[in-house]
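One structure is given below, encoded as structure tokens.
Not measured: the values here are computed from a predicted model. For reference, positions follow the sequence shown, starting with 1.
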Amino acid sequence: MATEIRQASSPWMYRRTLRLLLNYVVAIAIGIVMVFPLLWMFSGALKTKEMLLEETVINLIPPLPWQWHNFIDAWTALAFTRFLFNTLVITVASIFGGLLSASMVAFGFARLRFVGRNFLFFIVLGTMMVPMQVTAIPTFLLFHRLGWLNTYLPLIVPMWMGGGAFYIFLLRQYIMTIPTELDDAAKIDGCSPIGIYRHVILPNIGPALAAASIFLFLHSWNDLWGPLIYLTDDNTWTLARGMLTFKRTLAEFRHGGGLRQYQIHWFLSLGTMTMLPVLFIYLVLQRHFVSGVVTSGLKG
């Protein structure tokens, strides 16, 4: 009997092992494809321009000596400190305002009962289908009449007005997974809706807030569209806006051929420095990020 069981289970175990091995191979291959550009960027940041231009085969291990001074040279050439400060101000203010406003709106859609709640929620979701290019001109005219051009306000204030439909949806779905009995217990203790939001909802939506904060950080940190439209003075430029101009000003024209040779080693150094905060934020909040995104879809 035992022999028959082993013979019957052997093909099943073989297929299961083969399927598991195939999954690992595919996952590793996808991981290599995703990580390879980052490794090449960091490797190129430690090479000279001549090495990069003469390189016929990509070498991820830069030859010695490593050019650590590329980071200092690129930092100085771009005025990295000023652009970094501007980016941090916009990013921190946008994250704080986006999380606060989006969580409050999500709480209203998830817990408060009022006429037309579901209809308004669908209207909010519908704004996700409208490309930002469609509203660019009326939004620009609005900020122009308010006198906000060439300031941080056009990049910060909209995040305080709900934070965006995606973040409202993400937090609303997570709030729906919290038992309403907690709200009832808080009401018995005399909590108002604001008290329920502050003492019941906020302490229990940490993973969703972490996930939303990562998306908000990426949006503000990497945003080029907004600074390119609203920021004209280089004293207010962000890193993305500054690197775009940096690309144009560092173009060297080779005499005779008219061939452009960019300071590619500096660009890779700037890209590495700009990428590191993003990786740090994701690694720190990774566990909460996965939990927040997965759990938000459990209840509609």
Side-chain angles (χ1 to χ4, degrees), residues 37 83-109 118-174 208-248 270-271 274-275 277-278 281-282 285 289 292-293 296-297:
F83 296 155
L84 177 62
F85 174 78
N86 296 337
T87 306
L88 286 175
V89 170
I90 295 173
T91 301
V92 172
S94 299
I95 291 176
F96 183 77
L99 292 179
L100 178 63
S101 59
S103 61
M104 294 182 70
V105 176
F107 169 75
F109 281 128
N118 293 333
F119 176 75
L120 290 177
F121 182 66
F122 287 133
I123 293 295
V124 171
L125 293 182
T127 61
M128 297 175 61
M129 302 181 183
V130 180
M132 64 177 65
Q133 291 80 2
V134 174
T135 59
I137 294 178
T139 304
F140 178 85
L141 295 176
L142 173 63
F143 291 144
H144 174 69
R145 295 193 177 187
L146 292 175
W148 287 2
L149 296 185
N150 206 33
T151 66
Y152 298 150
L153 295 177
L155 306 177
I156 295 177
V157 172
M159 303 308 298
W160 287 75
M161 303 298 176
F166 172 75
Y167 308 107
I168 294 174
F169 171 76
L170 179 69
L171 296 175
R172 184 254 188 188
Q173 295 301 106
Y174 197 94
L209 291 176
S213 65
I214 292 178
F215 288 120
L216 285 167
F217 178 82
L218 291 174
H219 174 269
S220 299
W221 187 266
N222 297 325
D223 184 28
L224 176 60
W225 175 266
L228 190 61
I229 294 177
Y230 301 115
L231 304 180
T232 57
D233 185 0
D234 57 358
N235 290 320
T236 62
W237 284 355
T238 60
L239 286 173
R241 180 69 175 88
M243 289 182 66
L244 177 64
T245 303
F246 183 74
K247 173 184 176 182
R248 297 171 180 170
L270 291 171
T274 305
M275 176 196 66
V278 178
I281 292 295
Y282 178 76
L285 301 178
F289 169 75
V293 172
S296 296

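- Of the candidates Leu99, Leu209, Thr91, Leu216 forms a side-chain contact (heavy atoms from CB on, under 4.5 Å) with just one, namely Leu99.
- A distance-only check finds no donor-acceptor pair linking the side chain of Trp148 to the backbone of Leu155 [under 3.5 Å].
- Heavy atoms only, all atoms of each residue included: Phe143 and Pro154 are closest at CD1-CB, 3.6 Å.
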- Tell me, with the steps shown, if Phe109 and Val124 meet side-chain contact (heavy atoms from CB on, under 4.5 Å). CA-CA 11 Å; Phe109 281 128; Val124 171; 4.1 Å; yes
- Query: After noting the C-alpha distance and the side-chain angles of Ile214 and Ile281, does the key distance pass the side-chain contact (heavy atoms from CB on, under 4.5 Å) rule?
  - Reply: CA-CA 7 Å; Ile214 292 178; Ile281 292 295; 4.2 Å; yes
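- Atom CD1 of Ile137 sits in a sparse spot, with 12 or fewer heavy atoms from other residues, nucleotides or ligands closer than 6.0 Å.
- In this structure a side-chain-to-backbone donor-acceptor pair under 3.5 Å is missing from Ser220 to Phe217.
- A pairwise comparison of heavy atoms in Ala106 and Ile168 identifies CB-O, 3.6 Å as the closest pair.
- Scanning for side-chain hydrogen bond (donor to acceptor under 3.5 Å, both in side chains) contacts around Tyr152 gives Asn86, with sequence neighbours left out.
- Here the straight-line distance linking atom CZ of Arg241 with atom OG1 of Thr232 works out to 8.5 Å at 0.5 Å rounding.
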- Phe83/Met243 under side-chain contact (heavy atoms from CB on, under 4.5 Å): CA gap, chis, key distance, verdict: CA-CA 9 Å; Phe83 296 155; Met243 289 182 66; over 6 Å; no
- Step by step, work out the side-chain contact (heavy atoms from CB on, under 4.5 Å) result for Trp221 and Leu88. CA-CA 8 Å; Trp221 187 266; Leu88 286 175; 3.7 Å; yes
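- Looking at Ile156, Ile95, Leu153 one by one, the single match for side-chain contact (heavy atoms from CB on, under 4.5 Å) with Ile90 turns out to be Ile156.
- Atoms CE and OG, on Met161 and Ser101 in that order, are 8.5 Å from each other to the nearest 0.5 Å.
- Among residues at least two apart or in separate chains, there is no side-chain hydrogen bond (donor to acceptor under 3.5 Å, both in side chains) pair with a member in residues 209-219.
- Aromatic ring pairs are classed by plane angle as parallel below 30°, tilted from 30° to 60° and perpendicular above 60°; the pair Tyr167 and Phe215 is tilted.
- In terms of heavy atoms, Trp237 sits closest to Leu231 at NE1-O, 3.4 Å.
- Taken from OH in Tyr230 to CZ in Phe140, the straight-line distance is 7.5 Å, to the nearest 0.5 Å.
- Scanning for side-chain hydrogen bond (donor to acceptor under 3.5 Å, both in side chains) contacts around Asn222 gives an empty result, with sequence neighbours left out.
- Judged by distance alone, the side chain of Asp233 and the main-chain N or O of Asn150 form no donor-acceptor pair under 3.5 Å.
- To the nearest 0.5 angstrom, Leu120 atom CG is 11.0 Å from Leu125 atom CG.
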